[in-house]
Number of protein chains: 2
Amino acid sequence: MNTTTRPVKLERPILSVDVVLLGIYRGSLSVVLYTRDKEPYKGARALPGVAVRTDETLEAAAIRALKERIGDPASNERVYLDQLAAFDGLHRDPRGRTVSIAYIGLIQADTAARYEKFREPAANIREGDLPFDHHLILRTAITRVKGKLRYTNIAKAFLPEYFRIEALQEVYEAFLGHSLNRSNFRNKLLKIKLIEQTDVLQEAVGKKGGRPPHLYRFTQDGVYAQDRDFV
Amino acid sequence: MNTTTRPVKLERPILSVDVVLLGIYRGSLSVVLYTRDKEPYKGARALPGVAVRTDETLEAAAIRALKERIGDPASNERVYLDQLAAFDGLHRDPRGRTVSIAYIGLIQADTAARYEKFREPAANIREGDLPFDHHLILRTAITRVKGKLRYTNIAKAFLPEYFRIEALQEVYEAFLGHSLNRSNFRNKLLKIKLIEQTDVLQEAVGKKGGRPPHLYRFTQDGVYAQDRDFV
DNA sequence: GCAAAAGTGTTGTGACTACACCCATGG
DNA sequence: CCATGGGTGTAGTCACAACACTTTTGC
């Protein structure tokens, strides 16, 4: 680790990462924020982020951001991480020119549930509620995930290995922003073999009634519509 | 411009941009490279790139990279520029930790034709032909454009305002890597209103014969399948 | 029995594929 | 009149949306 002082031109932007950590909580899309304890924007709720070190990859920096800003809950879980984009407005950070590489992080419902103090329904967050350009980053992240739901098995990241098919539908509905036809949803996802039925039945815990559902899981072959033909 | 010397921690990655400049030349996909005149990899053909300054956006740096590395031909033309991704391998640059934001640049056929010394058919470039991780960047760029052809009017960037419908088909075929049915291609693009027929006829220049084609142009409404429903 | 939730089946509509065919021009 | 490339039409197949119906549970 080289921390010696020596002449250096200051013509270099600072590089940081910010993480948009998303999960479905009680059927609606939530984002995990933390409260800043330093200036600028001290006291504001913001996306977890850190400056990138020379000896770590961007993804490693993203994981560190989660550890340092949010702490325990995520560190033991596997978090799906995906690079989103670089945000580079000249004045996005009052401390000086900073380019941020944003990452999308996706967590399971039960993990999301444990982020008591951090989680926030995404729908409640309006332009101006977040510092820096974090609102733009958040919107971009949601749009990206929405797009990926169409042609990848990205929804897998929100669910445990075995899940009710309705829980999956809730994921889709939370992102697409409207309700879907139950039986068509089911028929389609089974036909394209994105998911498959298992012979496991859900044990009834706190259910009011109704037929106990089979549990489903994602099939192996991930991306499915990527290579569909155009004409 | 602050270039004074003063104590600074060296724990910051360098930030650069690289541009994958693509065009269709004689029906096949070409990429614009330049010959490096400095170490490392002096003499090698590489993607044009520069280190980012604090007072310029990433896109501005991408434009500067084209100017400084390739020079005139592109500077007068409008180049479609789109951010691709950040490439961040710890050892991708032997000079030290450098994170590169890659941009995709798309140019028209006639512009591509003028890049005599720079252009290279993408199909000829194999793993190991390019320095740094430029081969990975190139592949990623092509995959991205291929995807965008499906649901945006990105092909517009490769063509002049008025074009033969067959020239458009060549763009699609160059990226998709296989030939398409002529009449289905035509019917589909017209039905989804990505393009429209004009009453301009192509004047016969060096044509061997055949019915003179109408010229077409892209309609206003750009992206078209983005909000198509999933189920 | 009734409500609730899971799961199956049907039917009309519309899109896509693979062709075959017609049109207009140069030589 | 023929080769060449542009442009139109059609029939079979398949996917999708909407909706009705059946099954299995809790109370």
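What you see is a predicted model; the values in this text were computed from it and never measured. Every chain is numbered from 1, with letters handed out A, B, ... down the list of sequences.
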Measure from [atom1] on [X] to [atom2] on [N] and round the result to the nearest Å.
X        : N      : atom1 : atom2 : answer
A/Phe185 : C/dA6  : CZ    : P     : 12 Å
B/Leu189 : C/dC16 : CG    : P     : 11 Å
B/Leu180 : C/dA18 : CG    : P     : 11 Å
B/Asn181 : D/dT10 : CG    : C1'   : 13 Å
B/Arg211 : C/dG27 : CZ    : C1'   : 19 Å
A/Arg150 : D/dA15 : CZ    : P     : 19 Å
A/Glu166 : C/dG7  : CD    : P     : 10 Å

Closer than 4.0 Å, any side-chain N/O of [X] to the OP1 or OP2 of [N]?
X        : N      : result
A/Arg164 : C/dA6  : yes
A/His214 : C/dA6  : no
B/Lys191 : C/dG14 : no
B/Lys188 : C/dT17 : no

Can you figure out which of D/dG7, D/dT24, C/dG7 approaches the side chain of A/Pro213 most closely? C/dG7
Could you write out each protein N or O paired with an N or O of nucleotides 8-13 of chain C at a distance under 3.5 Å?
unit_1 : atom_1 : unit_2   : atom_2 : d
C/dT8  : OP2    : A/Arg186 : NH2    : 3.0
C/dG9  : O6     : A/Ser183 : OG     : 3.2

Using side chain to side chain contact (heavy atoms under 4.5 Å, CB included) as the criterion, list what pairs up with [X], not counting sequence neighbours.
X        : answer
A/Lys156 : A/Asn153, A/Phe218
A/Glu196 : A/Arg217, A/Thr219
B/Glu68  : B/Val50, B/Arg53, B/Arg64
A/Glu170 : none

Is the backbone N or O of A/Ile125 less than 3.5 Å from a side-chain atom of A/Glu120, with the two atoms forming a donor-acceptor pair by type?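 No, because the side chain of A/Glu120 does not come within donor-acceptor range (under 3.5 Å) of the backbone of A/Ile125.
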Is it true that A/Arg92 and A/Asp18 have a side-chain N and a carboxylate O under 4.0 angstrom from each other?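 A salt bridge links A/Arg92 with A/Asp18.
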Those residues that, when tested against B/Tyr41, pass side-chain hydrogen bond (donor to acceptor under 3.5 Å, both in side chains) (two or more places apart):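 Partners of B/Tyr41 by the side-chain hydrogen bond (donor to acceptor under 3.5 Å, both in side chains) criterion come out as none, since no residue qualifies.
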